[in-house]
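One structure is given below, encoded as structure tokens.
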There are 2 protein chains.
Amino acid sequence: MATKSKDLATPAMPTEAAQAQRFEKARSAQSTALLEDYVELISDLLASSGEARPTDVARRLGVAHATAIKTIARLKREGLATSRPYRGVFLTEAGKALADRVRLRHRLVVDLLMAVGVPADSAEVDAEGIEHHVSDAALAAFRDFLAQRG
Amino acid sequence: MATKSKDLATPAMPTEAAQAQRFEKARSAQSTALLEDYVELISDLLASSGEARPTDVARRLGVAHATAIKTIARLKREGLATSRPYRGVFLTEAGKALADRVRLRHRLVVDLLMAVGVPADSAEVDAEGIEHHVSDAALAAFRDFLAQRG
DNA sequence: ACCAAAATGTAGCACAGGCTACAAATTGGA
DNA sequence: TCCAATTTGTAGCCTGTGCTACATTTTGGT
């Protein structure tokens with residue numbers, strides 16, 4: 001291992017490897033973020049109206065319906081959803097499980113943000129982007145922190 | 001169904017428009033995230049060793065050097081960096097300003113995470129993904145919260 | 001001074017996730 | 001019933017961000 005370091009400045013940079021790993025993790029989180037959003041949204045639509053139509057999904061996400069359909073195809077490829085032509089989208093068991101996990105995490109993030117003083121509306125908006133990058137360790141810490149403040 | 005008919009079980013879904021806007025925001029944040037990472041890293045490298053070579057940037061980010069070079073080209077297109085062939089990368093004034101903002105935000109996010117009990121190493125890793133999605137409002141709240149706990 | 005290794009740059013591919021445009025199926029109202 | 005609007009699906013394009021392979025330039029050791 002070439003410890004070719006010359007990090008002799010400011011608040012100490014992490015090692016190359018450590019830093020690369022962090023970025024790698026952030027990139028991989030990003031690649032699942034969209035699927036998580038779709039699954040959670042589909043779950044919500046199913047719960048609140050009994051069906052999840054591609055057009056509704058598209059409108060909620062603010063994308064063209066063709067985009068939604070393409071991503072739903074990816075959900076199916078990954079075993080998270082099922083659908084038949086002109087019949088709406090449904091979640092597999094794996095999809096439901098993911099949706100539940102994501103929803104829980106979302107609430108926890110919003111609650112944590114509000115607990116530290118972020119206004120409710122900002123908290124909701126920010127959580128949408130933040131939630132996908134919160135590790136289990138952080139999530140556990142959030143839970144403890146919230147429990148401790150009633 | 002006006003302002004706050006929120007029951008404990010199911011938090012009402014937001015309106016289509018509101019939700020679409022949130023996702024749109026998250027998507028646009030994502031598109032600037034990579035540039036922010038590059039700019040901050042380049043700034044760190046310049047500060048700690050006086051130069052930022054594409055290969056170093058690539059190694060730190062954990063990507064192939066060709067990928068780094070391509071993204072650096074984008075930084076130049078966007079007026080954040082300058083570089084001449086075989087001569088390393090430098091930041092424009094805009095790039096420096098962005099780097100400073102990003103670095104500050106990064107610290108604040110890490111500190112906030114640790115303040116609510118997230119272990120230091122998790123905090124660093126999570127912050128890498130989270131920071132790009134933290135609004136100014138949330139940032140201000142973080143600052144206040146941290147100030148209040150000395 | 002030279003040549004090999006390292007760094008840099010270029011070209012071309014893949015895939016994800018946007019889009020528009022068009023085609024086909026379904027649904028609802030007259 | 002039947003036609004028009006809506007919904008759904010398909011095709012093809014663009015951009016961003018990865019990659020590998022190869023070409024070129026710079027650098028450093030002998």
Side-chain angles (χ1 to χ4, degrees), chain A residues 2 4 6 16 19-39 41-42 45 49-78 80-90 128-129 132, chain B residues 16 20-39 41-42 45 49-78 80-90 128-129 132:
Chain A
K4 163 194 179 169
K6 54 182 162 180
E16 256 176 24
Q19 196 165 17
Q21 231 170 350
R22 282 180 208 167
F23 284 118
E24 161 57 33
K25 197 164 216 167
R27 279 195 298 271
S28 99
Q30 185 49 40
S31 87
T32 61
L34 193 72
L35 296 187
E36 292 179 348
D37 285 340
Y38 270 75
V39 162
L41 175 54
I42 290 167
L45 288 170
S49 75
E51 62 174 4
R53 293 145 75 233
T55 305
D56 293 335
V57 171
R59 271 204 289 258
R60 291 257 167 203
L61 286 164
V63 300
H65 81 275
T67 301
I69 287 175
K70 217 191 273 191
T71 305
I72 288 168
R74 192 176 153 211
L75 290 184
K76 290 164 72 175
R77 275 205 307 280
E78 313 236 350
L80 295 169
T82 61
S83 78
R84 293 195 345 274
Y86 300 93
R87 285 286 159 246
V89 188
F90 298 92
E128 205 63 67
H132 305 290
Chain B
E16 255 176 28
Q21 229 169 351
R22 283 181 208 169
F23 285 118
E24 162 55 33
K25 198 164 216 167
R27 278 195 299 272
S28 98
Q30 185 49 40
S31 88
T32 60
L34 194 71
L35 295 187
E36 292 179 348
D37 285 339
Y38 270 76
V39 162
L41 175 54
I42 290 167
L45 287 170
S49 75
E51 61 174 3
R53 293 143 76 232
T55 304
D56 292 335
V57 171
R59 272 205 288 258
R60 291 258 164 203
L61 287 164
V63 299
H65 82 275
T67 301
I69 288 175
K70 219 190 272 191
T71 305
I72 288 168
R74 191 177 155 213
L75 290 184
K76 289 163 72 176
R77 275 205 306 280
E78 313 237 350
L80 296 170
T82 61
S83 79
R84 291 195 347 275
Y86 301 93
R87 286 286 159 242
V89 188
F90 297 91
E128 205 63 68
H132 306 288

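Hydrogens, waters and symmetry mates are skipped; everything else that's a heavy atom, side chains included, is used. Within every chain, numbering begins at 1; the chains are lettered A, B, ... in the order of the sequence lines, protein sequences first and strands thereafter.
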>> For A:E78, I'd like to know if atom CD has over 12 heavy atoms of other residues, nucleotides or ligands within 6.0 Å.
In response: yes
>> Which residues pass the side-chain hydrogen bond (donor to acceptor under 3.5 Å, both in side chains) test with B:T67, not counting sequence neighbours?
In response: none
> Roughly how many Å is it from CG in A:D56 to P in D:dT6, rounded to a whole number?
Replying inline: 14 Å
> B:L61 CG to D:dG18 P: how many Å, rounded?
Replying inline: 8 Å
> How close or far is atom P of C:dT8 from atom CZ of B:R84, stated in whole angstroms?
Replying inline: 14 Å
> In the 5'-to-3' direction, what one-character label does each nucleotide of nucleotides 10-19 of chain C receive under the scheme B = base within less than 4.0 Å of a protein heavy atom, S = sugar-phosphate only, - = no such atom?
Replying inline: BBBB--SSBB
>> Using whole Å, what does the distance between atom C1' of nucleotide D:dG18 and atom CD of A:E24 come to?
In response: 11 Å
> In whole angstroms, how far is the C1' atom of D:dT6 from the OH atom of A:Y86?
Replying inline: 11 Å
> According to a strict under-4.0 Å criterion, is B:T55 in side-chain N/O contact with OP1 or OP2 of C:dT8?
Replying inline: yes
> When the distance from NZ of A:K76 to P of D:dT8 is rounded to whole Å, what number comes out?
Replying inline: 13 Å
> Partners of A:I69 by side-chain contact (heavy atoms from CB on, under 4.5 Å), sequence neighbours excluded?
Replying inline: A:P54, A:H65
> Can you tell me how far C1' of D:dT17 sits from CZ of A:F23, to the nearest Å?
Replying inline: 15 Å
> By salt bridge (charged side-chain N to carboxylate O under 4.0 Å, His left out), which residues pair with A:R27, not counting sequence neighbours?
Replying inline: A:E24
> Partners of A:A26 by side-chain contact (heavy atoms from CB on, under 4.5 Å), sequence neighbours excluded?
Replying inline: none
>> Please enumerate all residues that pass side-chain hydrogen bond (donor to acceptor under 3.5 Å, both in side chains) together with A:K70, with sequence neighbours excluded.
In response: none
